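Note sheet for the following structure.
The figures that follow rest on heavy atoms only: side chains count, while hydrogens, waters and symmetry mates do not. In this text, all values refer to a predicted model and were calculated from it rather than measured experimentally.
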Amino acid sequence: MTARVDERLERAFDKRTATALGKLGLETVGDLLGHYPRRYADPGALSDIAALEVGEHVTILARVEQATVRPMRNRKGALMEVVVTDGKSRLSLTFFGKHRGSLYNHEKRLVPGAKGLFTGTVGLYRGSRQLTHPDFTLMGEESDLDSDEALLEHATKPIPIYPAAAGIPSWKIQGALRVVLDTLTDDDVPDPVPSDVGQRQGLPGRAAALRSLHRPATLDEAYKARHRMRFEEAFVLQAALAQRRARTAAEDATARPPLPAGKPGLLADFDASLPFVLTDGQREVGDEIAAELASPRPMHRLLQGEVGSGKTVVALRAMLQVVDAGGQAALLAPTEVLAAQHARTLRALLGPLADAGTLFGAERTGASTRVALLTGSLGAKARKEALLQAASGEAGIVVGTHALLSEHVQFADLGLVVVDEQHRFGVEQRDALRAKGRVSPHLLVMTATPIPRTVAMTVFGDLETSSLTEVPAGRAGITTVAVPAGNIRWTDRTWARVREEVDAGRRAYVVCARIHPDEETKTAAKDFDDVPEFLDLAGPGAEGGADRPPLRAVLEVVEELRSRPELAGIEVGVLHGQMPPDQKESAMARFASGEAPVLVSTTVVEVGVDVPEATAMVIFDADRFGISQLHQLRGRVGRGTDPGLCLLVSDAEPGTPAFARLEAMTQTTDGFKLANLDLELRSEGDVLGAAQSGRASSLRLLRVVKDAGLIEEARSAAVDVVRASPDLTEFPELAKAIRAQLDEDQEEFLERA
């Protein structure tokens with residue numbers, strides 16, 4: 001047979017094989033070729049059995065140490081127990097049969113000394129790990145390796161170990177790939193990397209790389225092939241981003257220059273009214289943004305900064321420059337709580353400058369504007385008023401949630417779109433808001449999650465980047481302590497410490513990962529306001545899975561705290577995304593005022609919520625959150641002149657990745673250091689946002705931390721290619737790869753992780 005990369009697997013293989021491969025999400029020959037080995041086994045070396053994790057689907061290379069067959073005790077049938085070893089550790093294999101004769105074939109083959117590949121899901125029985133009814137193939141047997149060449153390859157060359165599933169073990173995937181590779185020619189494999197780019201990089205062609213990846217003669221050959229495919233992934237992504245930058249650079253925008261020095265305006269009046277001095281970083285970034293707003297080409301800029309570094313003030317100054325120039329600004333926030341917080345903050349910062357058309361407005365005509373708030377839960381009257389203020393231009397600044405994207409929302413002259421916490425929005429959503437401008441409005445994307453340079457290049461590669469690393473003077477800092485869960489003495493001291501803060505006139509947050517105590521972990525946060533960026537709570541990242549205590553929930557913790565003697569006489573409030581908007585608003589207001597100085601909440605308070613009197617935070621199940629989210633949560637306290645305290649409650653064991661995350665949190669408050677560590681500890685799919693979508697990232701081999709240099713090289717090469725042919729008509733295979741790999745997943749790719 002001959003196979004093309006776009007051929008369906010049902011045509012290339014028998015129905016049974018195609019169906020089994022389909023369980024892995026493989027539908028075409030190209031999909032199969034892109035199912036890369038997870039690792040390679042040396043035929044002369046055995047697997048590390050001690051490293052296997054319960055629940056993991058594994059393929060191991062091991063030697064049979066002993067095998068026994070006996071009748072089952074309590075029911076009919078026979079049981080075969082096989083012990084395999086890597087020379088240090090042992091693993092049990094269990095097979096069941098209707099009678100001893102039904103296990104004869106296994107008994108004949110699985111004899112002491114036999115070496116082979118065994119695949120299955122690691123289970124736990126009476127405290128010991130085992131594989132139940134694993135698939136296996138033995139060295140020196142024909143089995144699935146049905147040719148002398150295949151046997152020689154299996155016995156002497158690196159063995160690719162593939163991500164597998166029940167019914168399709170690794171060696172069957174290897175066999176399917178052998179069939180395909182034997183029939184494909186170089187011309188059958190389109191290469192998105194132009195030949196001159198590949199030659200400059202010293203890379204083999206795509207077809208040769210795929211052969212080396214799936215059938216390497218040596219490990220060195222396999223690693224060189226992996227390097228080539230990593231470059232391809234980086235190159236295709238960077239070419240897509242370079243095209244976006246080129247398209248943006250070609251768009252027209254309305255220039256929004258600052259008013260001449262000495263001429264009265266909102267920005268000048270705002271700067272004069274500020275009760276504090278801008279940091280050097282705020283001024284430097286502000287000048288950068290001001291210059292781009294004055295250009296007739298749309299600004300596309302990412303503003304990232306430490307928690308509490310003053311991004312809101314920088315963004316507000318940009319908005320005021322646009323309003324001074326006759327335009328409007330829209331601020332898009334991911335949650336209603338955050339949108340309402342932004343509206344309050346902007347009005348408070350502006351004072352009389354935000355009261356246009358009222359008795360409290362600034363006296364000088366034209367020196368004030370309105371800040372409108374538009375969310376999905378507004379009543380009909382308030383919504384109509386906000387829509388009118390936006391459409392008429394009366395509101396120079398419109399703050400809102402996804403409601404801003406509605407077709408009913410119109411602007412008189414939208415000049416600037418500010419997107420807060422970009423990782424909660426896709427590119428399509430931010431572009432939908434930009435489309436409401438008469439011409440392309442300028443775009444400022446903000447994130448309080450510090451982003452390593454390689455991630456910025458990979459995920460926000462269509463944006464220029466500015467960073468704020470200074471924290472305004474007067475902040476007293478935050479102390480972070482890891483608290484062992486279940487330790488009564490530590491627990492009592494935790495709530496006594498919270499009481500001390502409240503008695504001193506301050507506030508305390510208590511954060512839980514879910515709302516209801518009886519809901520499933522994976523569906524704990526059902527509405528957008530409460531979607532936490534967890535590591536997989538029920539998977540390997542949770543380091544314990546089903547053996548761990550259930551996550552603490554808001555509604556159970558509230559009742560517990562209301563009955564604790566340490567908090568007697570203190571009102572304990574509650575906040576989560578499933579509450580009606582008016583209740584959310586009331587809960588935040590009572591917390592901010594001190595009426596309910598302890599607030600038990602989900603991660604809805606993660607970003608943007610600013611209560612200067614909040615100085616303490618207790619985070620339950622802290623090890624189940626990523627570092628970046630913990631840093632975000634911690635940033636809600638210590639925002640005033642009083643020092644902050646963050647208590648991370650966890651049952652993580654020393655030596656585990658979870659414990660390492662918490663330890664890092666206690667050692668530094670530098671968000672950029674923590675972001676790099678977070679990136680090293682988390683999977684690439686999480687970084688690129690695919691974990692939230694439930695879909696696999698199409699980055700298979702590229703690692704944005706380890707491959708920083710490679711990404712730089714790919715970016716440079718991609719810029720040259722797009723400059724030579726902006727629409728890629730001269731590079732049709734690259735254009736096709738971008739459509740195939742990125743179009744469907746572009747929203748996930750260009751979101752944060």
Any donor-acceptor pair under 3.5 Å from Ser586 side chain to Asp582 backbone
no
Could you check whether any side-chain heavy atom of Leu332 comes within less than 4.5 Å of a side-chain heavy atom of Thr401, counting everything from C-beta outward?
no
Any chance you could measure Met665, atom CE, to His631, atom NE2, to the nearest 0.5 Å?
7.0 Å
Would you say that Gln583 contacts Pro580 through its side chain, given a criterion of any heavy-atom pair below 4.5 Å between the two side chains?
yes
Would you sort out whether Arg317 and Leu267 count as a side-chain contact (heavy atoms from CB on, under 4.5 Å), showing the intermediate values?
CA-CA 6 Å; Arg317 295 184 74 245; Leu267 179 56; 3.8 Å; yes
Just by modelled atom types, is the Val649 backbone N or O under 3.5 Å from a matching donor or acceptor in the Asp621 side chain?
no
Minimum heavy-atom distance Pro298-Ala253, with the two atoms named:
N-CB, 3.5 Å
Let me confirm one number: the CG-CE distance from Leu468 to Met446, rounded to the nearest 0.5 Å.
10.5 Å
Side-chain ion pair, Glu394 and Arg370, N-O less than 4.0 Å:
yes
Taking C-beta and beyond as the side chain, do Val502 and Arg507 meet within less than 4.5 Å on heavy atoms?
no
From NZ (Lys436) to OG (Ser406), nearest 0.5 Å:
6.0 Å
Lys/Arg-Asp/Glu bridge criterion (N-O < 4.0 Å) met for Arg497, Glu501:
yes
State plainly whether the residues Arg715 and Glu712 are in salt-bridge range, i.e. N to O under 4.0 Å.
no
Under 4.5 Å between any side-chain heavy atoms of Leu346 and Leu331, yes or no?
yes
Between CZ on residue Phe625 and CD1 on residue Ile627, distance to nearest 0.5 Å:
13.5 Å
For a quick test of reading the model, state the closest non-hydrogen atom pair linking Pro264 to Leu259 and the distance between them.
O-CD1, 3.4 Å
Evaluation steps, side-chain contact (heavy atoms from CB on, under 4.5 Å), between Ile570 and Val498:
CA-CA 11 Å; Ile570 293 175; Val498 167; over 6 Å; no
Is Glu284 atom CD crowded by more than 12 heavy atoms from other residues, nucleotides or ligands, each under 6.0 Å away?
no
From Leu444 CG over to Arg301 CZ, what is the distance, rounded to the nearest 0.5 angstrom?
9.0 Å
By the definition side chain to side chain contact (heavy atoms under 4.5 Å, CB included), identify the one residue from Leu645, Thr669, Val511, Ile619 that meets it with Arg634.
Thr669
Take Asp252 and Arg297 through the salt bridge (charged side-chain N to carboxylate O under 4.0 Å, His left out) test and state the conclusion after the steps.
CA-CA 5 Å; Asp252 291 323; Arg297 298 297 178 202; 2.7 Å; yes
Is the shortest distance from a Lys or Arg side-chain nitrogen in Arg590 or Glu571 to a carboxylate oxygen in the other one below 4.0 Å?
yes
With Thr345 as reference, evaluate Arg347, His342, Gln341 under the side chain to side chain donor-acceptor pair (under 3.5 Å) test and give the passing residue.
Gln341
Pair Asp642 + Arg506, salt bridge at N-O below 4.0 Å
yes
Measuring from Thr254:OG1 to Arg438:CZ, what's the distance to the nearest 0.5 Å?
7.0 Å
Asp503 and Arg499 ion-paired at < 4.0 Å:
yes
Quick one: does Leu374's side chain get under 4.5 Å of Arg383's, heavy atoms only?
yes
I'd like to check Glu464 versus Leu302 (side-chain heavy atoms, cut-off strictly below 4.5 Å). Are they in contact?
no
Is it true that a side-chain atom of Asp324 and a backbone atom of Leu266 form a donor plus acceptor pair closer than 3.5 Å?
yes
Decide yes or no on side-chain contact (heavy atoms from CB on, under 4.5 Å) for Val598 and Phe591, but give the supporting numbers first.
CA-CA 7 Å; Val598 176; Phe591 178 67; 5.9 Å; no
Note: Met299 and Leu293 closest approach over all heavy atoms is CE-CD2, 3.8 Å
Any donor-acceptor pair under 3.5 Å linking the side chain of Arg283 with the backbone of Thr279?
no
salt_bridge(Arg256, Asp413) N-O dist < 4.0 Å
yes
Is the backbone N or O of Gly310 less than 3.5 Å from a side-chain atom of Gln282, with the two atoms forming a donor-acceptor pair by type?
yes
Considering all heavy atoms of both residues, which atom of Ile397 and which atom of Thr369 are nearest to each other, and what is their separation?
N-OG1, 4.4 Å
Can you check whether Leu316 reaches Val314 side chain to side chain, under 4.5 Å on heavy atoms?
no
Any heavy-atom pair between the side chains of Ile289 and Gln321 that's under 4.5 Å?
no
Considering non-hydrogen atoms only, spot the tightest contact between Phe411 and Ala330 and give its length.
CZ-CB, 3.9 Å
Minimal non-hydrogen separation, Ala290 against Pro258, with atom names:
O-CD, 4.5 Å
I'd like to know whether Val285 forms a side-chain contact (heavy atoms from CB on, under 4.5 Å) with Leu303, so could you lay out the CA-CA distance, the side-chain angles of the two residues, the decisive distance to 0.1 Å, and finally the verdict.
CA-CA 8 Å; Val285 172; Leu303 174 59; 3.7 Å; yes
Identify the residue among Val600, Leu599, Leu575, Thr615 that makes a side chain to side chain contact (heavy atoms under 4.5 Å, CB included) with Tyr509.
Leu599
Without swapping roles, check the side chain of Gln328 against the backbone of Ala412 for a donor-acceptor pair under 3.5 Å.
yes
Side chains of Ser466 and Gln304: any donor to acceptor distance under 3.5 Å?
no
Are any of the side-chain nitrogens in Glu585 or Arg344 under 4.0 Å away from the carboxylate oxygens of its partner?
yes
